[in-house]
Amino acid sequence: QVQLVESGGGLVQPGGSLRLSCAASGFTLDDYVIGWFRQAPGAEREGVSCISSSGGITYYADSVKGRFTISRDNAKNTVYLQMNSLKPEDTAVYYCAADPAMFVKVSRGDYYDMDYWGKGTLVTVSS
């Protein structure tokens, strides 16, 4: 069955770094735009970053630009999110998603209707 599994979340101090991984099974990622989304307690879901099927096009939310880097290794069927200079406001559950039309959906403010979702991994940034 189609499945996305996130890993790498945890507790980190402000200014610290964390790398999230998204591993796919049941399908290959190379036909999909892959994205990271996050949702803090009591807040709406946000689009964090997306990467095209070949890795040539990326999107970052203004709030994470310059601090986060998305990458993919299609041979390993895995996508990564390197998070540096973490801030308390980065605290959220982070979800991996896959959808060929993700860039279009994100441009319209749709952060909920992607084809496939992982269960999420919790990132807590606190001193």
Side-chain angles (χ1 to χ4, degrees):
Q1 269 55 55
V2 172
Q3 192 171 27
L4 294 170
V5 179
E6 304 95 335
S7 62
L11 174 64
V12 64
Q13 292 188 338
S17 297
L18 216 54
R19 189 178 78 157
L20 306 183
S21 298
C22 174
S25 61
F27 73 114
T28 56
L29 292 179
D30 55 349
D31 290 331
Y32 292 84
V33 180
I34 308 299
W36 289 94
F37 301 78
R38 68 186 184 187
Q39 193 159 14
E44 295 294 312
R45 187 168 296 174
E46 299 179 281
V48 177
S49 183
C50 305
I51 187 166
S52 63
S53 59
S54 65
I57 303 171
T58 57
Y59 156 84
Y60 296 95
D62 288 342
S63 59
V64 307
K65 195 170 297 181
R67 300 188 296 120
F68 290 12
T69 302
I70 191 169
S71 62
R72 64 190 300 162
D73 187 340
N74 287 342
K76 296 181 178 179
N77 227 23
T78 302
V79 175
Y80 306 95
L81 184 68
Q82 178 67 46
M83 305 185 294
N84 298 327
S85 302
L86 284 161
K87 304 174 180 180
E89 52 263 44
D90 295 318
T91 296
V93 176
Y94 283 71
Y95 300 92
C96 177
D99 194 323
M102 185 175 292
F103 284 117
V104 173
K105 293 178 179 180
V106 168
S107 72
R108 296 171 177 172
D110 180 1
Y111 308 130
Y112 293 88
D113 296 332
M114 308 307 161
D115 287 355
Y116 303 110
W117 290 96
K119 292 289 187 180
T121 185
L122 177 63
V123 172
T124 302
V125 184
S126 177
S127 59

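Computed from heavy atoms alone, side chains included, the values below leave out hydrogens, waters and symmetry copies. Numbering of residues begins at 1 and proceeds along the displayed sequence. These numbers were taken from a predicted model, which means no experiment stands behind them.
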**Ionic contact status for K87 with D90, cut-off 4.0 Å** =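 Here D90 does not pair with K87 in a salt bridge, since their nearest N and O are not under 4.0 Å apart.
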
**Message:** Taking D113 first and then K105, would you say they form a salt bridge - that is, a charged N and a carboxylate O separated by under 4.0 Å?
**Reply:** no

**Request:** Show which residues join V64 in its hydrophobic cluster (side-chain heavy-atom contacts under 4.5 Å, direct or indirect), or state none.
**Result:** V2, L4, V12, L18, L20, F27, L29, Y32, I34, W36, V48, I51, Y60, F68, I70, V79, L81, M83, L86, Y94, Y116, V123, V125

So do [Y] and [X] actually touch side chain to side chain, heavy atoms under 4.5 Å?
| X | Y | answer |
| --- | --- | --- |
| F37 | E46 | no |
| C22 | Y80 | no |
| P14 | P88 | yes |

Going from [atom1] on [X] to [atom2] on [Y], what distance comes out if it is rounded to the nearest 0.5 angstrom?
| X | Y | atom1 | atom2 | value |
| --- | --- | --- | --- | --- |
| K65 | T58 | NZ | OG1 | 9.0 Å |
| S85 | R67 | OG | CZ | 7.0 Å |
| S21 | Q82 | OG | CD | 9.5 Å |

Checking the side chain of [X] only, and the main-chain atoms of [Y] only, is there a donor and an acceptor separated by less than 3.5 Å?
| X | Y | value |
| --- | --- | --- |
| E6 | G120 | yes |
| D110 | Y112 | yes |
| D115 | A101 | no |
| N77 | A24 | yes |
| S63 | A61 | no |
| R38 | V93 | no |

**Asked** What heavy-atom pair brings M114 and Y111 nearest, and what distance separates the two atoms?
**Response**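 Closest heavy-atom pair between M114 and Y111: CE-CA, 4.3 Å.
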
**C50 to V33 - nearest heavy-atom pair and separation** =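 Heavy atoms only, the tightest pair is CB-CG1, 4.2 Å.
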
**Request:** Could you check L122, T124, T91 and say which one makes a side chain to side chain contact (heavy atoms under 4.5 Å, CB included) with L11?
**Result:**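 Only match with L11 under side chain to side chain contact (heavy atoms under 4.5 Å, CB included): T124.
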
**Asked** Is the number of heavy atoms from other residues, nucleotides or ligands under 6.0 Å of I57 CD1 greater than 12?
**Response**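 Not buried by this count: 12 neighbours or fewer within 6.0 Å.
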
**Results of side chain to side chain donor-acceptor pair (under 3.5 Å) for S17 - residues two or more places apart only** =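 N84.
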
**Message:** Can you list everything that forms a side chain to side chain donor-acceptor pair (under 3.5 Å) with R45? Sequence neighbours excluded, please.
**Reply:**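 Checked R45 against side chain to side chain donor-acceptor pair (under 3.5 Å); matches are Q39.
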
**Message:** Assess the residue pair S53 and D31 against the criterion (side-chain contact (heavy atoms from CB on, under 4.5 Å)); give the C-alpha distance rounded to whole Å, side-chain angles, the decisive distance to 0.1 Å, and a yes or no.
**Reply:** CA-CA 6 Å; S53 59; D31 290 331; 6.0 Å; no

**Asked** Do V106 and Y95 sit in the same hydrophobic cluster, where Ile, Leu, Val, Met, Phe, Trp and Tyr count as joined when their side-chain heavy atoms come under 4.5 Å apart?
**Response** yes

